[in-house]
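In what follows, a structure is listed as C-alpha cells, so that the remarks can point back to it.
Model, not experiment: these values are computed from the prediction.
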Amino acid sequence: MDVKQREFNKVSTYIVLIIFSLIAVFPIYWTVQTSFKARFLTFAVPPKWIFHPTFENYYNLFTKSDVVSRLINSLIIGILSTLLSVVMGALAAFSFARLKIARKKDIMFWILSTRMIPPITTLIPLFLFFRAIGLYDTHFGVIMFYTAFNLPLVIWVMRSFIVEIPLEIEECAMIDGCSRWGVFWKITLPLTMPALFATGALSFILCWNEFMGALILTSHNAVTLPVLAMSFISAKGVVWGEMTAGATVIIVPVVIFVVLFQKYLVKGLSFGLLK
C-alpha cells in the first residue's frame with residue numbers, strides 16, 4: 001500500500017469517526033440548548049439555533065420541584081451501591097480467579113446469566129416482595145436492587161484483570177508468611193486499583209442513569225433524578241424546558257467526572273490487555 005493510499009484511508013477513517021461522533025453528541029447538544037430556551041422558542045418551526053439564553057427553566061426546576069432532594073437520593077443510592085458492588089465484586093472475583101471452587105465455571109456462567117435477564121421482567125416480583133417486607137420506596141431497597149444489577153459486571157470484569165496478574169507474585173508473598181487475605185489486601189488489590197476504579201466508575205454511571213427500577217420501586221422518599229426528569233411528561237403534554245433542564249442536571253456531573261478522571265478510566269479499561 002503506497003503513501004497516498006494510507007493517507008486516504010486515514011483521512012476517511014477520521015471523517016467517518018467525526019460524523020458518528022456528531023450524531024452521538026447531537027441529542028446531548030439539543031437537550032442542553034433546549035434547557036436554555038424560552039418556552040415559545042421550544043416549539044418554533046424552523047428551530048431557532050441562535051437565541052438569547054434564559055435561566056427560567058432552571059429557576060422553575062429548582063423552585064417548583066424537589067430536584068435537590070432527588071439529587072441527594074441519587075448520590076446516596078449511587079455511591080453506596082457502587083461501594084457495595086465493588087467491595088463484594090472484588091472479593092468474589094479474587095476467589096474465582098485464585099481459589100479452587102467446585103463447579104466454578106457453572107457458577108460463573110450462572111452469575112453471567114443474571115445479566116441476560118431483562119431487568120423489567122424482575123421488577124414486578126421485586127415490587128411485590130419489597131412492599132411485603134417494607135423495602136418499597138426506601139434507599140436500602142433501591143441500593144440492594146442496583147447492587148444485584150451491577151455485581152455480575154464487577155465480578156466478571158475484575159476477575160479478568162486479576163487473572164492477568166502473575167501468580168508467582170502472590171506465591172512469593174505467601175512463602176514469606178503472608179496470608180490469603182494479606183495477599184489480596186497488600187498485593188492483588190493495589191495492582192488492580194486502576195481496574196477497580198474503572199469498574200466502580202462504570203457501576204456508578206449505570207446507577208446514576210437507571211430509570212425503570214427507580215420508577216417502579218419508589219414513589220416519594222427514594223425517587224431519583226431520572227424519575228424526576230420524566231415526571232414533566234403528563235397527559236396534558238410535555239414541559240420541555242424543565243425536563244431538558246433536569247436532563248442537563250443529570251448529564252453534567254457524569255461529564256465532569258469522566259473529564260477529571262479520564263486517564264484513570266483509560267488506564268483501568270486497558271489494564272490487562274498486554275502482559
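Aromatic ring pairs are classed by plane angle as parallel below 30°, tilted from 30° to 60° and perpendicular above 60°; the pair F26 and Y29 is tilted.
Summarising the geometry, atom OG belonging to S179 is positioned 7.5 Å from atom NZ belonging to K186; distances are rounded to the nearest 0.5 Å. Interatomic distance, F204 CZ to N209 CG, rounded to the nearest 0.5 Å: 9.0 Å. With rounding to the nearest 0.5 Å, the separation of OG1 in T224 from CD1 in I76 is 12.0 Å. To the nearest 0.5 Å, the span separating OG on S203 from CD1 on I79 amounts to 13.5 Å. For the atom pair CD1 of I133 and CG of L128, the computed distance is 11.5 Å after rounding to the nearest 0.5 Å. A distance of 8.5 Å separates CZ of F140 from OG1 of T147, quoted to the nearest 0.5 Å.
Linking Ile, Leu, Val, Met, Phe, Trp and Tyr whenever their side-chain heavy atoms come within less than 4.5 Å leaves V16 and V25 in two separate clusters. Using a 4.5 Å cut-off between side-chain heavy atoms of Ile, Leu, Val, Met, Phe, Trp and Tyr, with links allowed through other members, I28 and I19 fall into different hydrophobic clusters. Cluster membership for W30 and I23, using ILVMFWY side-chain heavy atoms within less than 4.5 angstrom, is not shared. There is no path of hydrophobic side-chain contacts, each under 4.5 Å, that joins M144 to I117.
With N221 contributing its side chain and H139 its backbone, the two residues share no donor-acceptor pair below 3.5 Å. The closest donor-acceptor contact from the side chain of T192 to the backbone of A195 lies at 3.5 Å or more, if one exists at all. Between the side chain of R115 and the backbone N or O of F149, at least one donor-acceptor pair lies under 3.5 Å. Judged purely by atom type and a 3.5 angstrom limit, S85 has no side-chain atom pairing as donor or acceptor with the backbone of N150.
Identified under the ring pair (Phe, Tyr, Trp, His ring centres under 6.0 Å) test for residues 111-136, with sequence neighbours left out: F127-Y136. Residue pairs that meet the ring pair (Phe, Tyr, Trp, His ring centres under 6.0 Å) test with at least one member in residues 75-99, sequence neighbours left out, are F94-F184. Residue pairs meeting the side-chain hydrogen bond (donor to acceptor under 3.5 Å, both in side chains) criterion with at least one partner in residues 90-101, sequence neighbours excluded, are R98-E170. Within the structure, salt bridge (charged side-chain N to carboxylate O under 4.0 Å, His left out) contacts touching residues 116-133 (residues at least two apart or in different chains) do not occur. Residue pairs satisfying the salt bridge (charged side-chain N to carboxylate O under 4.0 Å, His left out) criterion with at least one member in residues 72-89, sequence neighbours excluded, are absent.
In this structure I175 satisfies the side chain to side chain contact (heavy atoms under 4.5 Å, CB included) test with no other residue, sequence neighbours excluded. With sequence neighbours excluded, no residue forms a side chain to side chain contact (heavy atoms under 4.5 Å, CB included) with P190. Residues meeting the side chain to side chain donor-acceptor pair (under 3.5 Å) test with Y14, sequence neighbours left out: none.
Nearest heavy atoms, V154 versus G89: CG1-CA, 3.7 Å. When every heavy atom of V183 is checked against every heavy atom of A173, the shortest pair comes out as CG2-CB, 4.2 Å. Annotation for L225 and S74: closest pair N-OG, 3.0 Å, computed over non-hydrogen atoms. Considering every non-hydrogen atom in both I143 and S81, the closest pair reads O-OG, 3.8 Å.
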Evaluate the side chain to side chain contact (heavy atoms under 4.5 Å, CB included) criterion for residues W208 and I77: first the C-alpha distance (whole Å), next the side-chain angles of each, then the deciding distance (0.1 Å), finally the verdict. CA-CA 8 Å; W208 184 264; I77 293 171; over 6 Å; no

Evaluate side-chain hydrogen bond (donor to acceptor under 3.5 Å, both in side chains) for H220 paired with D137, printing each intermediate quantity in order. CA-CA 7 Å; H220 178 71; D137 196 26; over 6 Å; no

Verdict with supporting geometry, M158 and V86, side chain to side chain contact (heavy atoms under 4.5 Å, CB included): CA-CA 9 Å; M158 286 301 302; V86 169; over 6 Å; no

Quick one, L215 with M230, criterion side chain to side chain contact (heavy atoms under 4.5 Å, CB included). Give me CA distance, side-chain angles, the key distance, then yes/no. CA-CA 9 Å; L215 176 66; M230 294 302 295; over 6 Å; no

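I187 is not listed as a side-chain neighbour of I165, based on a closest heavy-atom distance of 4.5 Å or more. Residues I120 and I216 meet the side-chain proximity criterion, which asks for heavy atoms closer than 4.5 Å.
F211 CZ: more than 12 foreign heavy atoms inside a 6.0 Å radius.
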Mind listing the side-chain donor-acceptor pairs of residues 61-69 below 3.5 Å, one per line with the distance, residues two or more places apart or on another chain?
{"residue": "T63", "atom": "OG1", "partner": "Y59", "partner atom": "O", "Å": "2.5"}
{"residue": "S65", "atom": "OG", "partner": "L61", "partner atom": "O", "Å": "2.2"}
{"residue": "S69", "atom": "OG", "partner": "D66", "partner atom": "O", "Å": "2.9"}

Donor-acceptor pairs under 3.5 angstrom involving side-chain atoms of residues 36-51: please list them, not counting sequence neighbours.
{"residue": "K37", "atom": "NZ", "partner": "K48", "partner atom": "O", "Å": "3.2"}
{"residue": "T42", "atom": "OG1", "partner": "A38", "partner atom": "O", "Å": "3.3"}
{"residue": "T42", "atom": "OG1", "partner": "R39", "partner atom": "O", "Å": "3.4"}

Could you list the donor-acceptor pairs under 3.5 angstrom formed by side chains in residues 243-251, with sequence neighbours left out?
{"residue": "T244", "atom": "OG1", "partner": "S35", "partner atom": "N", "Å": "3.4"}
{"residue": "T244", "atom": "OG1", "partner": "W240", "partner atom": "O", "Å": "2.7"}
{"residue": "T244", "atom": "OG1", "partner": "G241", "partner atom": "O", "Å": "3.0"}
{"residue": "T248", "atom": "OG1", "partner": "T244", "partner atom": "O", "Å": "2.8"}

Only pairs under 3.5 Å count here: list side-chain donor-acceptor contacts from residues 105-113, not counting sequence neighbours, and write none if there are none.
{"residue": "D106", "atom": "OD2", "partner": "R103", "partner atom": "NE", "Å": "3.2"}
{"residue": "D106", "atom": "OD2", "partner": "R103", "partner atom": "NH2", "Å": "2.7"}
{"residue": "S113", "atom": "OG", "partner": "W110", "partner atom": "O", "Å": "2.5"}

